[in-house]
Amino acid sequence: MIFTDLLVTGLLALSHGLEPDHISGARMMKTRRKVAIFAAFHSLGFLLIAIPIAIALSLASYVRPSLEAASYIVGIAFGMILLMSVILGKELEIEPKGAGIVQGALVVTPSKILAIIFAMDTGSVLYGVFIVAWFSAITWISIFLMGWINVYIPKSADRYVNLAVSILTIAYFTFLLVDPLTV
């Protein structure tokens with residue numbers, strides 16, 4: 001049972017780390033150290049907000065759409081920042097600690113919701129907290145690995161990769177924002 005929970009949560013976290021806003025964030029970090037800090041603060045931001053999000057999701061239905069819409073707009077903003085760097089022809093770098101906390105705490109994605117629901121469904125507060133912590137740890141690893149892969153993308157391809165990643169990020173969160181069936 002525990003192995004299955006860890007496996008499912010771990011796979012969910014790995015997929016979470018590969019979401020477009022994390023790739024956009026990692027693309028704007030210039031060193032592996034900054035990607036590691038960004039990923040750590042993203043995971044910390046999620047840990048700090050996971051319980052309040054769980055409470056907010058259980059509130060009346062009029063609170064949830066506003067929370068989700070605001071979080072998708074933050075995701076779109078990360079894509080827009082990367083797109084602006086492509087358009088302006090300048091490498092923009094975001095501060096990893098603040099950006100990580102903002103993404104971790106404010107961007108609500110389906111994988112985060114599933115992790116919170118899974119943790120709430122364990123029937124144990126301690127075990128639920130452990131599941132959320134495990135999700136955060138594996139997310140950190142996933143985002144860090146994505147940043148590590150960025151190092152191997154040739155500098156000559158940066159502009160095209162950033163353009164593709166920024167458009168994908170904007171499209172992903174715009175879809176979540178306008179699709180009434182998400183989350």
Could you go through V8 and L12, starting from their C-alpha distance and side-chain angles, then the distance that decides it, and tell me whether this counts as side-chain contact (heavy atoms from CB on, under 4.5 Å)?
CA-CA 6 Å; V8 169; L12 186 61; 5.5 Å; no

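A pairwise comparison of heavy atoms in M28 and L82 identifies CG-CD1, 3.7 Å as the closest pair. Between V35 and G147, the shortest heavy-atom distance links the atoms CG1-CA, 3.6 Å. Summarising the geometry of I116 relative to A50, their closest heavy-atom pair is CD1-O, 3.7 Å, with the distance given to 0.1 Å. When every heavy atom of M146 is checked against every heavy atom of A26, the shortest pair comes out as CG-CB, 4.4 Å. Closest approach of I37 and P96 over heavy atoms only: CG2-CB, 3.9 Å. In this structure, G79 and S166 approach most closely via the heavy-atom pair O-CB, 3.3 Å.
Using modelled atom types, no side-chain atom of T9 and backbone atom of L6 make a donor-acceptor pair closer than 3.5 Å. The closest donor-acceptor contact from the side chain of Q103 to the backbone of G75 lies at 3.5 Å or more, if one exists at all. With hydrogens and angles ignored, the 3.5 Å screen pairs no side-chain donor or acceptor of R27 with any backbone N or O of V165. No donor-acceptor distance shorter than 3.5 angstrom exists from the side chain of K97 to the backbone of A40, with no hydrogens or angles considered.
The closest side-chain donor-acceptor pair between D5 and Y127 falls under 3.5 angstrom. Looking at H16 and E19, their side chains do bring a donor and an acceptor atom within 3.5 Å of each other. A donor and an acceptor atom, one from each side chain of T139 and S43, are nowhere located under 3.5 Å apart.
Rounded to the nearest 0.5 angstrom, S111 OG and L11 CG are separated by 12.5 Å. Once rounded to the nearest 0.5 Å, the distance linking CZ of F173 with CG of L177 reads 10.5 Å. Rounded to the nearest 0.5 Å, atoms OG1 (T109) and CG (L114) are 8.5 Å apart. Rounding to the nearest 0.5 Å places CD1 of I23 at 10.0 Å from CD1 of I143. Interatomic distance, L163 CG to D158 CG, rounded to the nearest 0.5 Å: 12.0 Å. A distance of 10.0 Å separates CG in L145 from CD1 in I138, rounded to the nearest 0.5 Å.
At a threshold of 4.5 Å between side-chain heavy atoms, the hydrophobic network of Ile, Leu, Val, Met, Phe, Trp and Tyr places W140 and I149 in two separate groups. Under a hydrophobic clustering in which Ile, Leu, Val, Met, Phe, Trp and Tyr are joined whenever their side-chain heavy atoms come within less than 4.5 Å, directly or via other members, Y160 and I170 fall into different clusters. Connection of L168 to M29 is not established within any shared hydrophobic cluster, with ILVMFWY side chains joined at heavy-atom distances below 4.5 Å, either directly or through further cluster members. The hydrophobic clustering, which links ILVMFWY residues whose side-chain heavy atoms are closer than 4.5 Å, places L126 and I117 apart.
At a threshold of 4.5 Å between non-hydrogen side-chain atoms, the residues F78 and V102 count as touching. Within the 4.5 Å cutoff, no side-chain heavy atoms of I76 are placed close to those of T169. Residues I81 and S24 have side chains not in contact (no heavy-atom distance under 4.5 Å, counting atoms from C-beta outward).
Ring planes of F38 and H42: tilted class, angle from 30 to 60°.
Between F46 and F135, the distance separating the two ring centers is shorter than 6.0 angstrom.
No more than 12 heavy-atom neighbours from other residues, nucleotides or ligands sit within 6.0 angstrom of CZ on R33. Enclosure of atom CG in L88 by more than 12 non-hydrogen atoms of other residues, nucleotides or ligands within 6.0 angstrom is indicated.
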